[in-house]
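These values consider heavy atoms only, across backbone and side chains, with no hydrogens, waters or symmetry-generated copies.
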Number of protein chains: 2
Amino acid sequence: MTWAIFHKHRPTILYGISLALLLFLLKWLELRFIVINHIFEIYAGAIALLFTGLGIWLALKLTKPKVETVIVEKEVFIDTKEFRFNAQEQARLGLSKRELEVLGLISEGLSNQEIAAQLFVSLNTVKTHSSRLFEKMEVKSRTQAVEKAKRLSLIP
Amino acid sequence: MTWAIFHKHRPTILYGISLALLLFLLKWLELRFIVINHIFEIYAGAIALLFTGLGIWLALKLTKPKVETVIVEKEVFIDTKEFRFNAQEQARLGLSKRELEVLGLISEGLSNQEIAAQLFVSLNTVKTHSSRLFEKMEVKSRTQAVEKAKRLSLIP
DNA sequence: ACTAAAATCACCCGAAAGTATGAGTTAAAT
DNA sequence: ATTTAACTCATACTTTCGGGTGATTTTAGT
């Protein structure tokens, strides 16, 4: 049935097709013409598009991120009253090793007699040590010596 | 003198200047020629530059800024060994106010005589106070008392 | 090897610290 | 009102501390 219709209107259809082709040709030629006439603008447009894209890419890729600084307070418990022997004070006062040793034992509450026993020396020796100690530290008694020694970080 | 030199070599100088101008003109013409011959490339380059800039501008203007959060820890030093009077120990040992007062002055290195003067009492009173103090604290001397009192946080 | 500082010890003496005992006063609790 | 604890003071006595002086021995630095 379709075939029959084709055969019946063959000239008309051919004419139609020919007309359509002609029109298409004309439109194509027109487009070509436009394209040729505006080739520069099109090229420029393409470049513009391309390089706009490039610019955006560059900007996104190469910019440094903004840095936002957040300060968090962290509690650090530090023993500020930790004992650290002050050798400078010892040198300044000119205290000898033995004198310092006696000072330490005095600060522990030992009597001269006990200190003598501890150090395997005579009571008199301990007395002379403590005497020189008091002289050098410019104090008048063992309690003052202990108090000052703690202040000067000579004993804990 | 400079003027004299100019007058003397006037033709030479003029000739030199003319030559220089001619060379400059030729170079300029050559440049013009190059520019005209490459007008399209130059134009394209200009567009490329312009739109790259536009792209960058767009990217920077229209995108949200990147934010990088940096956490900086700030150390806060806290004193852990602060003196806190130990009232419990005082109660446990049964130390009276006056005895504690005497203890404090002893720890400062004062003699019994000085303590007596400070408290407006007699030397004997100070002695009895310190004696009872030593009994209660179970020590035998002022230095021991000071040492123990510090351990028990009765004095700083 | 010589010297200076440190460590050791002894003796004496006065001052301070600490013990023992007793007692008077005051303030707070029952 | 009475009791109790804290504060006060005194006297007598013992022990320890601290100053003064001098001497001997180690140790360390030049």
Note: contacts of residues 96-118 of chain A with DNA chain D (heavy atom, under 4.0 Å) are A:Ser111, A:Asn112
Rounding to the nearest 10°, end axes of the helix from C:dA1-D:dT30 to C:dT30-D:dA1 built from five pairs each make an angle of 60°
d(A:Ile155 CD1, A:Asn86 CG) to nearest 0.5 Å is 12.5 Å
When rounded to the nearest 0.5 Å, the distance separating CZ of A:Phe85 from CD of A:Gln90 is 4.0 Å
note: A:Leu123, atom CG; C:dC9, atom P; distance rounded to Å ~ 11 Å
Next item on the list: Using a cut-off of strictly less than 4.0 Å, decide whether A:Ser122 has a side-chain nitrogen or oxygen near OP1 or OP2 of C:dA10.
Entry: yes
Main-chain N/O of B:Leu95 paired with B:Lys136 side-chain donor or acceptor, under 3.5 Å: no
Donor-acceptor pair, A:Gln144 side chain versus B:Gly109 backbone, under 3.5 Å?
yes
Heteroatom pairs (N/O) under 3.5 angstrom, protein to nucleotides 20-23 of chain C:
none

Rounded to whole Å, CG of A:Leu119 lies from C1' of C:dC9 at a distance of 14 Å
Could you tell me whether the phosphate oxygens of D:dT8, OP1 or OP2, come under 4.0 Å of any side-chain nitrogen or oxygen in B:His129?
yes
note: B:Lys127, atom NZ; C:dA16, atom C1'; distance rounded to Å ~ 7 Å
B:Ser153 meets the side-chain hydrogen bond (donor to acceptor under 3.5 Å, both in side chains) criterion, sequence neighbours left out, with none
Taking N or O atoms only and anything under 3.5 Å, show me the protein contacts with nucleotides 24-27 of chain D, one pair per line.
none

Rounded to whole Å, the CG-C1' distance (A:Leu133 to D:dG20) equals 17 Å
The reported gap from CD in A:Glu101 to CG in A:Leu103 (rounded to nearest 0.5 angstrom) is 11.0 Å
Taken to the nearest 0.5 Å, the spacing of B:Met137 CE from B:Arg142 CZ works out to 13.0 Å
The correct set of residues in residues 138-156 of chain A placing a heavy atom under 4.0 Å from DNA chain C is none
note: A:Phe134, atom CZ; D:dG19, atom C1'; distance rounded to Å ~ 11 Å
Do NZ/NE/NH1/NH2 and the carboxylate oxygens of B:Glu89 and B:Arg92 come within less than 4.0 Å?
yes
